[in-house]
Amino acid sequence: MQFKATSTPNPNAIKFTTDQAIFAGRIEITKESKPESLLLKHLMAIDGIDNLFCYNDFLTVCKLPSVEWNQLIPQIETVLGQLTFSKSK
């Protein structure tokens, strides 16, 4: 599955879009959340990620202001590339 990263008006958020629906409904994940999806669990385990917003064919990753994207993007891409998953709840 291929993801395309695009910037957002928020400098602490990047949107990752794919060509197929991967999430059923709106999902918001914070550090306190216990996501069922392996993808979301692995993304939230990355140090510096603050929260995730997911819907249909995209996920938006929000980082802490103190962390640089050049530190996070390779880790995010690794998770997106390694995990195969079905539609999340």
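Heavy-atom basis, side chains included; hydrogens, waters and symmetry copies ignored.
Heavy-atom contacts from other residues, nucleotides or ligands closer than 6.0 Å to CG of Asn70 number more than 12.
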May I have the step-by-step check of side chain to side chain contact (heavy atoms under 4.5 Å, CB included) for Ile76 and Phe3, ending in yes or no? CA-CA 11 Å; Ile76 294 168; Phe3 286 86; over 6 Å; no
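Atom CD in Gln75 sits 10.5 Å away from atom CG in Leu43 (nearest 0.5 Å). With values rounded to the nearest 0.5 angstrom, Gln71 atom CD is found 8.5 Å from Ser66 atom OG. Here the CD1-CD distance, from Ile29 to Glu36, works out to 9.5 Å after rounding to the nearest 0.5 Å. Note that the OG1 atom of Thr17 and the CD1 atom of Ile14 stand 11.5 Å from one another [nearest 0.5 Å]. The CG atom of Leu72 lies 8.5 Å from the CG atom of Leu64; values are rounded to the nearest 0.5 Å. The CD1 atom of Ile73 lies 6.0 Å from the CD atom of Glu77; values are rounded to the nearest 0.5 Å.
Partners of Gln2 according to the side-chain hydrogen bond (donor to acceptor under 3.5 Å, both in side chains) rule, which considers only residues two or more places apart in sequence or in another chain, do not exist here. Applying the side-chain hydrogen bond (donor to acceptor under 3.5 Å, both in side chains) criterion to Thr8, with sequence neighbours excluded, gives no partner residue.
The same ILVMFWY cluster, assembled from side-chain heavy atoms under 4.5 Å apart, contains both Leu52 and Ile46. Using a 4.5 Å cut-off between side-chain heavy atoms of Ile, Leu, Val, Met, Phe, Trp and Tyr, with links allowed through other members, Phe53 and Met44 fall into different hydrophobic clusters.
A donor-acceptor contact shorter than 3.5 Å is absent between the side chain of Lys31 and the backbone of Asp50.
Closest approach of Lys41 to Pro35, counting heavy atoms only: CE-O, 2.7 Å. Minimum heavy-atom separation, Pro74 to Trp69: CD-O, 4.3 Å.
Residues Phe23 and Leu39 meet the side-chain proximity criterion, which asks for heavy atoms closer than 4.5 Å.
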Just distance, no hydrogens or angles: give the donor-acceptor pairs under 3.5 Å from side chains in residues 54-63, sequence neighbours left out.
{"residue": "Lys63", "atom": "NZ", "partner": "Asn12", "partner atom": "OD1", "Å": "3.0"}
{"residue": "Lys63", "atom": "NZ", "partner": "Val67", "partner atom": "O", "Å": "2.5"}

